[in-house]
Amino acid sequence: YRHLEQGFHLLTRICGTEPTCSAAPGWKANEDTLLTKERFPFVYNSDCRGTSLFRPEVDGKKLAQPQIPVTLPTYDEVVGSNGITNENYNEYILSQLRPGALNVLTIHAEVEGIICRSLFDQFLAMTKSRNVDPVPLGQLLNPADQWPGNSIVSRPIGGREGSVAFQRD
């Protein structure tokens, strides 16, 4: 709790406003993580991988903060395997988009924001040319929606060391 609280207050001081969301680094989250985050005024979290928006359940109780799970593989999970290179990465990610489904891609500041910035700029241009409109995660929330409950489980994922939090269903 203490580390999250320190980060929350530091971001509030730097940005001049309280953070409205959070994401567990590397999707290393469990039920204790979710319960701790409930003590903060987050509108939503993105602490797991999965397929659809949901409200996490812990001990049979639906928590207030919905989860927006990451649905697409990250750069570091796929580049260098199965023939995916910097040259075809963007095309690969765009091929993974599913119309009508939740499509969430994690962008790492240290990768897409620095080392692969030109690759990310190309990705954004490609989305625009294909009428794909990237939006901030918060825009995916409709306050009138009643998200189903679901729990998180720990599973391994290709291209990433160890296990990460996944939406159960």
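In this text the structure is predicted, and so the values were computed from the model without any measurement. Along the sequence shown, residues carry numbers from 1.
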Visitor: Other residues, nucleotides and ligands only: do more than 12 of their heavy atoms fall within 6.0 Å of CD on Q6?
Guide: yes
Visitor: Would you indicate whether D59, at its atom CG, is surrounded by more than 12 heavy atoms from other residues, nucleotides or ligands within a distance under 6.0 Å?
Guide: no
Visitor: With a 4.5 Å cut-off on side-chain heavy atoms, are L34 and I152 touching?
Guide: yes
Visitor: Could you tell me whether the side chain of Q67 and the main chain of D47 form a donor-acceptor pair under 3.5 Å?
Guide: yes
Visitor: Rounded to the nearest 0.5 Å, how far does CZ of R117 lie from CZ of F123?
Guide: 15.5 Å
Visitor: Is a side-chain donor or acceptor of N86 paired with a backbone partner of C116 at a separation under 3.5 angstrom?
Guide: no
Visitor: Minimum heavy-atom separation for P41 to E18, with atom names?
Guide: CG-OE1, 3.4 Å
Visitor: Looking at D145, I'd like to know if its CG atom is crowded, meaning that more than 12 non-hydrogen atoms belonging to other residues, nucleotides or ligands lie closer than 6.0 Å.
Guide: yes
Visitor: Can you check whether K37's main-chain N or O pairs, donor with acceptor, with Q65's side chain at less than 3.5 Å?
Guide: yes
Visitor: Donor-acceptor pair, E77 side chain versus T74 backbone, under 3.5 Å?
Guide: yes
Visitor: Quick check: does any side chain N or O of N30 sit under 3.5 Å from a backbone N or O of D32, one acting as donor and the other as acceptor?
Guide: yes
Visitor: For residues T71 and N103, is any side-chain donor paired with an opposing acceptor at under 3.5 Å?
Guide: no
Visitor: Under the ring-ring contact (aromatic ring centres under 6.0 Å, His included) test, which residues partner Y44, sequence neighbours left out?
Guide: none
Visitor: Is there a donor-acceptor pair under 3.5 Å between the side chain of S46 and the backbone N or O of A23?
Guide: no
Visitor: Charged N to carboxylate O below 4.0 Å: is that the case for R55 and E38?
Guide: no
Visitor: Could you tell me which non-hydrogen atom of L141 sits nearest to which non-hydrogen atom of P66, and how far apart they are?
Guide: CD2-CG, 4.0 Å
Visitor: Please round to the nearest 0.5 Å and tell me the distance separating atom CG of L94 and atom CG of L72.
Guide: 9.5 Å
Visitor: Return yes when atom NZ of K28 has more than 12 non-hydrogen atoms of other residues, nucleotides or ligands closer than 6.0 Å, and no otherwise.
Guide: yes
Visitor: Please tell me whether Y1 and F8 form a close aromatic pair, meaning their ring centres lie under 6.0 Å apart.
Guide: no
